[in-house]
2 protein chains.
Amino acid sequence: MANIKDVAQMAGVSVATVSRVLNHHPYVSEDKKAAVLRAMEQANYNRNINAVHLSKGQTNLIGVVVPFSNHPYFGLLIEGIANEALRQNYKLVLFQTNYETDRELEALAMLKDKQIDALIICSRISPWHLIEEYLSYGPIVVCENTRGTNVSSTFVDHYGSFFQALEYLHSKGYRKIGYCLGREMGANSDLRRTAYQDFLQKYKLAFNPNFVFYNCFNFEDGEHVLNRITEMESPPAALLISSDQVAAGILTCCKVRDMAVPDQLALLGFDNQPIAKIMNITTLEIPLVEIGRKLFAQAIEEGISSQEEIAVKLIERQTV
Amino acid sequence: MANIKDVAQMAGVSVATVSRVLNHHPYVSEDKKAAVLRAMEQANYNRNINAVHLSKGQTNLIGVVVPFSNHPYFGLLIEGIANEALRQNYKLVLFQTNYETDRELEALAMLKDKQIDALIICSRISPWHLIEEYLSYGPIVVCENTRGTNVSSTFVDHYGSFFQALEYLHSKGYRKIGYCLGREMGANSDLRRTAYQDFLQKYKLAFNPNFVFYNCFNFEDGEHVLNRITEMESPPAALLISSDQVAAGILTCCKVRDMAVPDQLALLGFDNQPIAKIMNITTLEIPLVEIGRKLFAQAIEEGISSQEEIAVKLIERQTV
DNA sequence: TCTTGCTCTGAAACGCGTTTCATAAACTAA
DNA sequence: TTAGTTTATGAAACGCGTTTCAGAGCAAGA
């Protein structure tokens, strides 16, 4: 396998000049450039990427940590990240953690080893102090409010948007409001729970633990929710659902059971996923693809750190 | 950042000895080994992985090409691959192609650049001759019959298993049999189509183009299938469905519409995914996790190439 | 006692592209 | 014409761990 030295010799130039041609450096005369290109062609030259990595001290690989890559929420996020990665000539290494600590640690270890230039954590399971330990090895970008730290992030104000959603339902006359979340634990869930409590307090509404549904991730989880609701003597009149996917599942079940939406049960989703549009679900749009783009940009941004809060937008359709 | 030289100096040994300690070479005396470990600790030494890659000429990274990582079929395959990768201390780079040629080419380019040691293609879109061009750069392992070539593969005899499934339905008395596939094009679809034609011929059954359903990938695609079937004057009595996921979707719809399974419509799935067990779907088990393991083993197996055919197993449950 | 064969260690070569520094030539502005 | 840029190019240093080769020391077997 020919290397840069061979090519240099064949073209009658120094390796530095070959390197310049390889990297499109402007200061190379046309004739030498042509000679180098010819030599590369002849020798069937292939740049040794590992030598480049060693020399540059970077790999153009960015790690992305997600709990599930199959979920539309993360799917859209990944899409945004991948778009930007392509544009900037980076590749992605995907870590699907299933919320297992070890998988997350693997990703952090790769950052430490400089096998990836930066790490984007879309949703974490590890405690924050553990993440912090790895900050010195390379940029880590997350999806939660990191204001006051030097960690970059792009995030949604989950407290504010949840509160906003509750206010909207309240303004529509709903008083018995329940909500569906994914994980019971986790930074975002905490924020939403707090928003809910504060909302109840504001309007002097009583807390009903039956109105809280956890482990709502996918379409099929909607059925479980509706099963519980139909068994209740005093069911909620509206549901705030942290994922359109689940909202769609609930809505589908409602149709099957001839439950009128929104009259018997109002549904307010989150994300504005494609399925929400198709099924006419009222939702709070979260521009996930755009968030993905920003996360990537932050991952490769040099020196500085930045925190960006993303606004959500209410999309009124027919389920509230 | 300390390097191996610094550590060697601190420990009073040569870099070779430090390298031996790092790589658990047996011939290092206990005291020197201890000294090296102490020095590494003190210097907060971190091995530069890119230097290792350059030196070894490999990266311990294996590329995995799938069309969708969110589909249970590929999810299980990936699980098997990932298990084995973990065991053998390799990392995976996942390429989700969405069946776009460019994404597949990206993966092949990384193989060419030796940024990955091998490539596992779970389902391809590129023509075979294009894949072949990259064989000289590193091992490529695929999921289709490559007997007679020097390409390693682990595959299911799709012709045989489809035929077997059709025979089973026939033996149960079904004559009007339809089938659902994913892609219309693709090596596996061709095989299955041929099996179907041959089956019809064998039993002198007429071909009905309405009994063929394409683009059946996910749970929700089951609804489309059933919609078409309910509109037919002369619907199929049994369906052979190339994914349990779709079979589950169809079965769910049947329940909603009070259609008796298998009396009004028999369903025979493929894969034996978890959902098939839960929903009691008769299916042909494909040991996807096991196939994943084998694919990975083949990817890192030195020198030789091997082709392994995997047997499927009929699991009789309650939908036929 | 002499081989033979381990065990242990270090020097040096190797993998290979990037980048800095020095230098020379060519050009521009004063 | 002189000073100051800009363009162009090569030598050499740099990033850093692995591996081969040679040799020393020591023990077991002949």
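We name chains A, B, ... by the order of the sequence lines, and we start the count at 1 in each one. Predicted, not measured: the structure shown is a model, and the values here were computed from it.
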Original post:
Are B:Thr17 and C:dC8 close enough that a side-chain N or O sits under 4.0 Å from OP1 or OP2?
Top reply: no
Original post:
Checking B:Ser152 side chain against B:Val141 main chain: does a donor-acceptor pair fall under 3.5 Å?
Top reply: no
Original post:
Between B:Glu41 and B:Arg38, is there a salt bridge with N-O shorter than 4.0 Å?
Top reply: no
Subject >> Any donor-acceptor N/O pair, B:Gln307 side chain to B:Val151 backbone, under 3.5 Å >> reply: yes
Subject >> Nearest-angstrom distance from the residue atom NE2 of A:His53 to P of C:dT19 >> reply: 14 Å
Subject >> Distance in angstrom units between A:Tyr27 OH and C:dT20 C1', rounded >> reply: 15 Å
**OP:** Applying ring pair (Phe, Tyr, Trp, His ring centres under 6.0 Å), name anything that partners A:Phe217, two or more places apart in sequence or on another chain.
**Re:** A:Phe68
Subject >> Residue pairs, two or more places apart or on separate chains, that pass ring-ring contact (aromatic ring centres under 6.0 Å, His included) and touch residues 289-309 of chain A >> reply: A:Tyr90-A:Phe296
Report, one pair per line, the protein and nucleotides 16-18 of chain D atoms (nitrogen or oxygen only) whose separation is under 3.5 Å.
unit_1	atom_1	unit_2	atom_2	d
D:dG17	OP1	B:Tyr45	OH	2.6
D:dG17	OP1	B:Asn48	N	3.4
D:dG17	OP2	B:Ile4	N	2.6
D:dG17	O5'	B:Tyr45	OH	3.2
D:dG17	N2	B:Ser55	OG	2.9
D:dG17	N3	B:Ser55	OG	3.3
D:dT18	OP1	B:Asn23	OD1	3.3
D:dT18	OP1	B:Asn23	ND2	3.2
D:dT18	OP1	B:Arg47	NH1	2.9
D:dT18	OP2	B:Ser19	OG	2.8
D:dT18	OP2	B:Asn23	ND2	3.1
D:dT18	O4'	B:Ser55	OG	2.6

**OP:** Write down the distance between NE2 (A:His24) and C1' (C:dT19), rounded to a whole number of angstrom.
**Re:** 18 Å
Original post:
Under 4.0 Å between a side-chain N or O of A:Lys114 and OP1 or OP2 of D:dG15?
Top reply: no
Original post:
Ignoring hydrogens and geometry, is there a side-chain-to-backbone donor-acceptor pair from B:Asp117 to B:Asn60 under 3.5 Å?
Top reply: yes
